[in-house]
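The structure appears below as structure tokens.
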Amino acid sequence: MAWTWRFEKSDGTETAPAVEPEEFTTQGDAESWIGEAWKELLDGGADQVRLFEDGTEIYGPMSLHASEG
């Protein structure tokens with residue numbers, strides 16, 4: 001199984017990530033990576049992400065912006 005992220009602008013269009021991810025072997029590894037890289041990804045122009053397992057969307061979009069208030 002391969003877990004991958006899709007990086008998007010707020011309108012859902014795909015964008016290149018500022019930090020190049022790998023393919024992850026577990027969902028936990030993928031989520032740990034996004035937890036470490038989200039700020040750099042946000043600064044690089046990504047607004048949200050979607051998580052995929054072998055091409056099937058698991059969840060998303062998940063905003064990279066800190067929640068207001």
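Numbers here simply count residues along the sequence, with the first being 1. Note that the coordinates shown come from a computational prediction; the quantities given were computed from them, not determined experimentally.
Contact check for Pro21 versus Phe7: side-chain heavy atoms found under the 4.5 Å cut-off. Residues Ile34 and Val49 have side chains in contact (heavy-atom distance under 4.5 Å, counting atoms from C-beta outward). Contact check for Leu42 versus His65: side-chain heavy atoms found under the 4.5 Å cut-off. Looking only at side-chain heavy atoms (C-beta outward), Trp3 and Asp29 stay at 4.5 Å or farther from each other. Between Gln48 and Met62, every side-chain heavy-atom pair lies at or beyond the 4.5 Å cut-off. Using a 4.5 Å cut-off on side-chain heavy atoms (C-beta onward), Glu31 and Leu51 make contact.
Scanning all heavy atoms of the two residues, the minimum distance from Val19 to Trp33 falls at CG1-CZ2, 3.7 Å. For the residue pair Ala18 and Gly44, the shortest heavy atom distance occurs at CB-CA, 3.6 Å. Pairing each heavy atom of Glu20 with each of Pro17, the nearest pair is OE1-CG, 4.0 Å. The nearest pair of heavy atoms linking Gly12 to Arg6 is O-NH2, 3.0 Å.
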For this session: Please assess Phe52 against Trp5 for the test ring pair (Phe, Tyr, Trp, His ring centres under 6.0 Å), listing each intermediate value before the final yes or no.
Result: CA-CA 6 Å; Phe52 290 83; Trp5 290 103; 9.1 Å; no
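Taken from OG1 in Thr25 to CD in Glu22, the straight-line distance is 8.5 Å, to the nearest 0.5 Å. To the nearest 0.5 Å, atom CE of residue Met1 and atom OG1 of residue Thr56 are 11.0 Å apart. With values rounded to the nearest 0.5 angstrom, Ser32 atom OG is found 10.5 Å from Gln27 atom CD. Put simply, CG on Leu41 and CD on Glu36 are 11.5 Å apart, with the number rounded to the nearest 0.5 Å.
Without hydrogens or angle criteria, Lys9 side chain to Glu14 main chain gives no donor-acceptor distance under 3.5 Å.
Using a 3.5 Å distance cut-off with no hydrogens or angles, the side chains of Asp11 and Thr13 do pair a donor with an acceptor.
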